[in-house]
Every structure is written in structure tokens, then in C-alpha cells.
Amino acid sequence: MQTTVSSESHAMDAPKQGLPVTIITGFLGSGKTTLLNHILTNQQGVKTAVLVNEFGEIGIDNELVVATDENMVELSNGCICCTINNDLVDAVYKVLEREEKLDYLVVETTGLADPLPVAMTFLGSELRDLTRLDSIITVVDAANYSLDLFNSQAALSQITYGDVIILNKTDLVDETTLQELERKINDLKEGSRIIRTTKSQVPLPLILSVGLFESDKYFDSEEEEHEEHHDHDHDHSTCGHDHDHDHSNCEHDHHDHEHHHHHSNHLENDGFISISFQSEKPFSIRKFQYFLDNQLPTNVFRAKGIMWFDESPQRHIFHLCGKRFTIDDDEWKGEKKNQLVLIGQNLDSETLLKQIENCICLPSTSRGKGFGK
């Protein structure tokens with residue numbers, strides 16, 4: 001939480017800075033290619049690059065194709081599809097070096113691959129400063145799921161490291177089978193975030209963080225623009241902050257917080273909703289950490305926010321996918337406040353909003369009286 005980066009140092013490379021990356025993994029025939037097609041053809045105002053081992057396999061709709069060269073296809077909606085060839089790092093640089101600004105990068109692993117080495121390419125190499133590992137999405141075939149698969153270390157790793165599990169082809173099996181599959185997945189990885197899909201049709205805000213601010217218009221455009229240009233990542237998956245002291249003695253004006261549901265067209269099917277919370281009072285880091293670790297339900301898939309913590313003078317940009325979350329430091333430009341959006345399925349919004357409200361730092365009655373009085 002102590003890392004600070006001045007805006008000047010990022011001005012030159014702002015368009016490339018912290019490009020969010022989603023890794024899509026899953027066993028052969030699970031529906032990864034269908035999902036990639038879904039991502040490429042359903043973007044609205046978001047430019048995505050998809051890296052695949054062989055883009056011929058995707059079978060992109062010819063009406064979308066603007067130009068093709070040996071290793072890249074450009075689409076009319078601004079998205080591109082690029083072949084990885086031999087080296088993932090080279091392919092990522094090829095995408096980053098393009099003139100137009102991309103909003104998102106999606107990388108498909110082969111069906112037999114362990115996603116961890118791919119993830120480490122973004123977390124542990126020279127790409128770390130240019131990209132932000134946003135999520136690992138695992139596609140599972142509900143119709144052909146077999147525990148025999150889990151003799152395969154790769155298949156086990158795909159479940160273990162997946163931030164969100166897409167249980168695909170659910171139309172081909174009955175409800176009892178689906179519940180049994182979800183139980184088996186949870187046996188392998190407790191508290192898995194599982195989304196049921198048919199033909200990989202998943203609302204994109206559930207797997208890609210781009211657009212959480214833009215599409216839902218909770219936050220003013222000045223905030224969005226500032227956030228967009230200064231987003232840089234430290235992987236706080238476990239968030240080991242040394243903030244054990246209780247700063248519950250903060251003194252702030254009392255403003256009523258506001259919160260509401262927001263239903264948007266691409267989410268309201270299948271019980272997906274987004275909930276927003278806003279408060280003009282700071283959060284306690286300790287309380288917010290407790291909320292993330294112990295209270296956040298498994299049917300929350302994504303969250304994003306601008307966070308104000310009593311313990312820190314910095315503005316913090318918060319991203320969550322599954323259980324993975326990152327908190328990036330930034331400078332405040334306008335008024336300090338907390339703004340948070342959560343997206344999930346069949347949420348108990350009343351309970352969630354109360355739990356978030358409980359993260360607010362309470363003013364102390366003993367302020368100014370000295371110690372031990």
C-alpha cells in the first residue's frame with residue numbers, strides 16, 4: 001500500500017500501462033474457442049486483442065474481418081486476433097506496440113496446458129510493468145466432465161488456479177448432474193466462483209473488468225479518465241498489508257451514503273445484477289480485508305472500485321475477479337470518497353450492502369482525551 005508512482009513518470013507510456021490480461025484455460029473441447037468468438041464479436045466500444053495458438057481454428061465471422069496478415073486478423077469493431085507462434089512474450093509485445101490503444105488482452109492456453117506458467121509470464125517478467133493479470137478463467141465441459149481427467153495435473157491446475165470457473169454445455173445435462181459437478185469442483189477448490197453457461201454465452205462484464213465503470217455510469221467521467229490513465233498493478237492476491245493498528249478514531253463529517261441496484265441489459269438475464277455503494281466516509285483497511293476474506297459470497301464474480309482508506313493518503317483502485325484482487329495506488333484529484341461496484345448472480349444485496357457499510361471507519365468517542373483516560 002505504500003508504493004507511490006508519480007503521474008509524470010507514467011505520462012509517456014500511459015496507453016500501454018497496465019493493460020489488463022485475462023487467461024482463458026480449459027480442457028480440449030470445453031468451449032474455449034466459442035468463448036473467444038463471443039468475446040471478439042460482442043464487444044461494445046472496447047478494443048480487445050485475443051492471442052491464440054492458431055487463429056484459423058477460431059473461424060472468425062468474415063463480415064467482421066477488415067484485414068489479415070500472416071499472424072494477425074483485424075476486425076471492424078477494433079478488436080484483433082493474433083497468433084502466439086513460438087513465444088508468448090513476443091506476441092504480447094507485438095500487440096502492445098500497435099498504434100491504437102487496446103483496452104484488454106485475452107490469452108488462450110492450449111487444452112493440455114497448466115495456466116500457471118502463462119500467468120507467471122505476466123507476473124514475473126518484463127511484461128509486469130506493461131500488463132496487469134486480471135483473471136484466469138477456466139472453461140469446464142459439463143457434458144464430458146470426468147474425474148479421470150483429474151489424473152491429469154494440467155486439468156487439476158486449471159481448476160485450482162481458475163479465478164472463475166465457467167461450467168459450459170449445461171443444456172446437455174440435468175440439474176442433479178450439474179449440482180454434483182459443482183460439488184466435485186468445490187472439493188478440488190473450495191469456494192469456487194462457478195458460472196453456468198450454454199455455448200459459452202457469459203455476460204462479458206463477469207469475466208472482463210473493462211467497462212465496469214464505463215457501462216454502468218456510476219462514476220463521473222473525470223474519475224474514469226484519471227483512473228484509466230494511471231492504473232498500475234501490484235498483485236495483492238493475499239494482500240499482506242501491515243495495517244494491523246485500528247484507526248477507528250477518525251473524525252469526519254457525517255454524510256449519508258447511497259447505494260442502489262443497477263440492472264443493465266447484458267446482465268439481467270439469469271439473475272445477474274450489479275450493486276453499487278458510495279460513501280463520503282473512509283473505510284478501515286482491516287474491516288475491508290475482513291469483508292473480502294470472510295464475507296464476500298461466491299456468487300460475486302467481479303468488483304471494481306475507487307477506495308478511500310483512513311490509514312492511507314492515497315487514492316486506491318480496486319479490482320476483483322473471483323478471489324483474486326489487486327489494489328493500485330494513485331493520487332486523489334477530487335473529493336475523497338468510496339465508490340464500489342459488485343457484479344454477481346442472485347445476490348442478497350441488503351446483507352452485502354450492510355457488510356460493506358460496516359467497513360466504514362467509525363469516529364472515536366475518546367478522541368483528544370489522551371491515552372488511558
Side-chain angles (χ1 to χ4, degrees), residues 1-10 18 132 134 209 212-213 218-220 222-224 226-227 229-259 275-296 300 302-321 323-342 352-373:
M1 290 294 250
Q2 300 306 312
T3 312
T4 57
V5 182
S6 70
S7 54
E8 289 78 15
S9 67
H10 282 282
R132 169 173 63 78
D134 190 68
S209 74
L212 270 192
F213 282 123
Y218 292 109
F219 309 132
D220 59 59
E222 180 192 358
E223 295 265 65
E224 286 170 23
H226 181 67
E227 188 261 343
H229 281 82
H230 300 295
D231 198 6
H232 54 282
D233 179 59
H234 320 293
D235 191 356
H236 290 281
S237 302
T238 52
C239 209
H241 304 311
D242 300 324
H243 291 287
D244 295 333
H245 20 274
D246 183 3
H247 285 259
S248 55
N249 57 350
C250 47
E251 207 168 37
H252 296 286
D253 294 334
H254 291 261
H255 299 285
D256 290 333
H257 63 273
E258 47 188 273
H259 43 243
I275 295 171
S276 82
F277 176 91
Q278 184 163 307
S279 174
E280 295 182 18
K281 288 177 261 188
F283 280 0
S284 151
I285 288 177
R286 185 179 52 79
K287 290 180 178 180
F288 188 61
Q289 178 81 50
Y290 181 85
F291 167 72
L292 292 178
D293 290 346
N294 301 294
Q295 295 178 319
L296 191 72
V300 168
R302 303 290 295 184
K304 189 171 180 179
I306 293 166
M307 311 297 298
W308 172 25
F309 294 114
D310 181 57
E311 297 89 335
S312 169
Q314 295 290 98
R315 177 178 185 261
H316 299 282
I317 297 159
F318 169 74
H319 289 268
L320 175 138
C321 181
K323 287 186 171 178
R324 175 199 304 276
F325 66 90
T326 57
I327 297 180
D328 306 329
D329 301 345
D330 201 359
E331 307 284 332
W332 286 104
K333 294 289 187 198
E335 300 240 340
K336 292 182 179 180
K337 55 188 166 185
N338 273 303
Q339 297 172 305
L340 191 61
V341 177
L342 292 90
L352 261 174
L353 288 167
K354 275 185 189 158
Q355 289 169 336
I356 296 169
E357 198 176 329
N358 286 339
C359 296
I360 290 173
C361 185
L362 299 173
S364 168
T365 53
S366 62
R367 154 84 57 154
K369 293 183 181 174
F371 293 111
K373 299 237 174 128

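Keep in mind that what you see is a predicted model, and the values were worked out from it rather than measured.
- Going from atom OH of Tyr290 over to atom SG of Cys359 covers 10.5 Å, rounded to the nearest 0.5 Å.
- From Arg315, atom CZ reaches atom CG of Asp328 across 10.5 Å, with rounding to the nearest 0.5 Å.
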Give the C-alpha distance, both sets of side-chain angles, the deciding distance and a yes or no for side chain to side chain contact (heavy atoms under 4.5 Å, CB included) between Ile356 and Ile275.
CA-CA 11 Å; Ile356 296 169; Ile275 295 171; 5.9 Å; no

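- Counting only heavy atoms from C-beta outward, the side chains of Leu296 and Leu342 approach each other to under 4.5 Å.
- Side chains of Ile327 and Met307 form no contact here, defined as non-hydrogen atoms less than 4.5 Å apart.
- Side-chain rings of Phe318 and Phe288 approach one another, their centers coming within less than 6.0 Å.
- Heavy atoms only, all atoms of each residue included: Pro282 and Asp310 are closest at CB-N, 3.7 Å.
- Taking every heavy atom of both residues into account, Asn358 and Lys287 meet most closely at O-CD, 3.2 Å.
- Taking 4.5 Å as the limit, every side-chain heavy atom of Glu280 sits out of range of all side-chain heavy atoms of Trp308.
- In this structure, Trp332 contributes its side chain and Gln314 its backbone to a donor-acceptor pair below 3.5 Å.
- Using a cut-off of 4.0 Å between Lys/Arg side-chain N and Asp/Glu carboxylate O, Asp134 and Lys304 are scored as not salt-bridged.
- Judged purely by atom type and a 3.5 angstrom limit, Glu311 uses its side chain to pair as donor or acceptor with the backbone of Ile285.
- If you take OG on Ser276 and CG on Leu340, they are separated by 8.5 Å, rounding to the nearest 0.5 Å.
- In summary, the side chains of Asp330 and His316 do not present any donor paired with an acceptor at a separation below 3.5 Å, with no hydrogens or angles considered.
- Side chain of Gln339 to backbone of Gly305: no donor-acceptor contact under 3.5 angstrom is found.
- Here Lys354 pairs with Glu350 under the salt bridge (Lys or Arg N to Asp or Glu O under 4.0 Å) rule; sequence neighbours left out.
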